[in-house]
Amino acid sequence: MQNRPHALPAGDGAQSSIAARAVGALRREAAGYLDGLNPEQRRAVETTDGPVLVLAGAGTGKTRVLTTRIAHLIATGRARPYDILAVTFTNKAAREMKTRIGALIGPAGEGMPWLGTFHAVGTKILRRHAELVGLKSDFTILGMDDQLRLMKQVLADQNVDEKRWPARALGHAIDGWKNRGLSPEQVPPGEGSAFAFGKGGALYTAYQARLATLNAVDFGDLLLLCLKLWRENPDILENYQDRFRYMLVDEYQDTNVAQYLWLRLLAQKRKNVACVGDDDQSIYGWRGAEVDNILRFEHDFPGAAVVRLERNYRSTGHILAAASGLIARNESRLGKTLRTEDALGEQVTVTGAWDSEEEARTVAESIESFQAKGHPLSEIAVLVRISAQMREIEDRFVQLGLPYRVIGGPRFYERAEIRDALAYLRVTANGSDDLAFERIVNTPKRGLGDATLQQLHGYARAERVPLLLAARRLCETDELKPRVRSTLRALTDSFARWARLVESQPHSEAAQTILEESGYTEMWQKDRSADAAGRLENLKEFVRSMEEFPDMAAFLEHVSLVMEASEAEGAERVSLMTLHAAKGLEFDTVFLPGWEDGLFPNQRALDESGRAGLEEERRLAHVGLTRARKRAKLSFAVNRRIHGLWSSTIPSRFIDELPESAVDVVEAPAHFSAGASRFDRNPQPFGSSYGTPGWQRAQANTGGNLGGNLGGGGGRSAAGRGFGASPGGRGRAGGPREIEGELIAKSTGSPSAFSAGQRVFHTKFGPGTVAGVDGNKLTVDFDKAGRKMVLDSFIQAG
DNA sequence: ATGAGACTCCAAAAT
DNA sequence: GGAGTCTCAT
């Protein structure tokens, strides 16, 4: 079975000597890129045939191995670019691989048609064989929002109380099944009936039926339908098995069962599959990822070569020691020991704060002092466990005028204005896209409300036609009120006109026209709310980005799979993101706030998955620490707002799991005015939380006593700061934060373009009036947010 | 049909 | 603290 035709062109006797020499030269030159690899990396690259598992610890050159391996396969003539299947999880990773391969072997690496995310590759395959799985090749890929709306409809159809069984939960269940590669018939009966009094399975079936009538798929289907296609059509499967002579998988520890099955089907025949991953960085279990996939690799692919990459090129000794010591507590792991030849560097610092506001302040201020010492902001990141932690930190950044960017926030295509714009284009391109139609019939408001929509639905269902067509036909009858009829007719006529427009005009111009004629752009222009300006910007960017695609169809395809915010790169900004979003990134200095039990490790992870959950949280901590090249700064607060209420917290158990020698317990810098405002909202005395062995050591180091000074306040005593003080014991002091902001924030001295009394607009706080000017720092009375101190660069004239 | 204001339940992570 | 929903008045 293992015949490998023409592995090396140079060995082909029929070739002329000139060609042979040229190939030889190519190989000699190409082989140069092997030089910089360490022995393990080299083995990972050169073990080309048969199954290979590369266990690549954090910072050990994983991407380098992957790209070099591809270059190697091509340069040695084992494969041509289109013979190689390389799958990643994110578009970013795919893009990076493409560029790096290009850099290695030049234009030869271009056009690797099968390098992409699982979903992109799946889509490509499905488009070719759509009929075989009951679709038309122009099927639409639904985003989360469409999916949710579909679920709601299904729930309503089946008379399920949406209060008790929310659409989200159904979505979760169905996603879960799809992640495990289960079609509706394959769902274990017990599980299927767990949802909505036994209706779970039926709902899944109904949902799939709805998708089918809409000629649509969701993300899960992109993989699931490939499985179906291959299982039912062995000839097609074999075709792909032959086509993909070599396969590479990035982040193998994140594959779910469906992806595993997908890969196994493809790899079955040739078994040239190289999986690269790190079991210690598996942090997507909740999304269906199976660490087992990587733990079981050698079992699944007997005779697999296993290569461990343990030499870390990123972090200093102390950071690596901290991360290694922590992860060593996990039981389910293959086991690697990262080592570095770097200096020990700075110890990992641990700092306690009285509450989350103080923690945020400390983080922001120490970033500011790093900046003052000449550290570029782009080399500083703040990594949080949950996105709800971001708000307080952002507030602080805004007040200090520290430029920051949030990474992995709401994706560009998930924003309302982009989804609306897309919906217009989707209906224009495909009049049977009911979900898109529904989304925008009454956006902007046209007076086509629920009642009208019900009517449309009724007709559409009875006549089995799409909503747009139903609308058109209903306008011919007198079933509609005159007013409704004329608006509806105007809308359907517009869509007909726009469809012609797309044919006759460059698609981005057509899109621009559609957004204007529909009144959509105008809707935001009229909107006086804080974020309208930003939304118009996004729309502009949206239209602009279309130019990069040959036609509307190509654009819509791209957009349904990827579409990320295109932010100006390289700007001098602090990065703020969740730990999950941080995977794959690195920074000189990394702040890790919120190391408190319950938050991190997250209580829900513990409740739902027990020890496995704890281990995943620990891996997350390990990921966080290993993002840092030179400095890692942990912190925790003993009081934190959760759901708007203050509660006491205790330091994360992970803190005590760090090796003592790698850690330095640091006091938070002293403050003048800590802001009395926080005490009056603190209903819980400290005594309500349990003591932790974890904290005692750190506390001893700060010279505090049990339950007493938690080291956050520097100069102030615990008692003086209201430890155990009764709620509301102190009056609310008006605006100490602003005073503080003034003390801390530096003015550049350059004169501001704004003057007192002027109306201005802030992207976060909305409209306001300038109360005072100090260089480039303004004091502004915001209409909604009150008086704040902000940098004028965040402000526009209003 | 629409908008304002009250009310509920919530936030874990994302292709 | 905030998004989404609900209710009521216009």
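Heavy-atom basis, side chains included; hydrogens, waters and symmetry copies ignored. Throughout, a chain's letter reflects where its sequence line sits, starting with A, and its residues are numbered from 1.
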Earlier contact from the 5' end, DNA chain B, for A:Lys445 and A:Leu606: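 Its nucleotide being nearer the 5' end, the pick is A:Lys445.
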First encountered from the 5' end of DNA chain B, between A:Gly449 and A:Ser609: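 Residue closer to the 5' terminus by nearest nucleotide: A:Gly449.
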Report the distance from atom [atom1] of [X] to atom [atom2] of [N], rounded to the nearest whole Å.
{"X": "A:Glu392", "N": "C:dG1", "atom1": "CD", "atom2": "C1'", "answer": "10 Å"}
{"X": "A:Asp221", "N": "B:dT15", "atom1": "CG", "atom2": "P", "answer": "18 Å"}
{"X": "A:Gln281", "N": "B:dA13", "atom1": "CD", "atom2": "P", "answer": "19 Å"}
{"X": "A:Met577", "N": "B:dA14", "atom1": "CE", "atom2": "P", "answer": "12 Å"}
{"X": "A:Asp450", "N": "C:dC6", "atom1": "CG", "atom2": "P", "answer": "12 Å"}
{"X": "A:Glu608", "N": "B:dA11", "atom1": "CD", "atom2": "C1'", "answer": "13 Å"}
{"X": "A:Arg168", "N": "B:dC10", "atom1": "CZ", "atom2": "P", "answer": "11 Å"}
{"X": "A:Leu620", "N": "B:dA14", "atom1": "CG", "atom2": "P", "answer": "10 Å"}

A:Arg640/A:Glu359 ion pair, N-O < 4.0 Å: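 So A:Arg640 pairs with A:Glu359 through a salt bridge.
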Salt-bridge present (A:Glu657, A:Arg653; N to O < 4.0 Å):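 Looking at A:Glu657 and A:Arg653, the cut-off is not met.
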Sugar-phosphate, base or nothing in reach of A:Glu251, heavy atoms under 4.0 Å: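 A:Glu251: no heavy atom of the nucleic acid under 4.0 Å.
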Minimum-distance nucleotide (side-chain atoms of [X] versus [options]):
{"X": "A:Thr117", "options": "B:dT2, B:dA13, B:dT15", "value": "B:dT15"}
{"X": "A:Ala451", "options": "B:dT2, B:dA14, B:dA1", "value": "B:dA1"}
{"X": "A:Ala388", "options": "C:dG1, B:dA11, B:dA14", "value": "B:dA11"}
{"X": "A:His643", "options": "B:dA13, B:dA11, B:dT2", "value": "B:dA11"}
{"X": "A:Thr90", "options": "B:dT15, B:dC10, B:dA13", "value": "B:dT15"}

Quick check on [N]: is either OP1 or OP2 less than 4.0 Å from any side-chain nitrogen or oxygen of [X]?
{"X": "A:Lys152", "N": "C:dT5", "value": "yes"}
{"X": "A:Thr578", "N": "B:dA14", "value": "yes"}
{"X": "A:Asn442", "N": "B:dT2", "value": "yes"}

Residue pair A:Leu222 / A:Leu126, side-chain heavy-atom distance below 4.5 Å: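 Side chain of A:Leu222 against side chain of A:Leu126, heavy atoms only: contact under 4.5 Å found.
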From CA spacing to verdict: side chain to side chain contact (heavy atoms under 4.5 Å, CB included), A:Val382, A:Val363: CA-CA 8 Å; A:Val382 182; A:Val363 166; 4.0 Å; yes
Spatial distance of atom CG (A:Asp221) from atom CD (A:Gln208) [nearest 0.5 Å]: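 Rounded to the nearest 0.5 Å, the CG-CD separation comes to 4.5 Å.
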Stacking check A:Tyr284 vs B:dA13 (5.5 Å / 30 deg):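 Base of B:dA13: not stacked against A:Tyr284.
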P spacing across the pair B:dA13 / C:dG4, given as an integer number of angstrom: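 Pairwise P distance, B:dA13 against C:dG4, rounds to 15 Å.
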Distance flag, aromatic centroids of A:Phe636 and A:Trp595, threshold under 6.0 Å: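 No, they do not, as the ring centres are separated by 6.0 Å or more.
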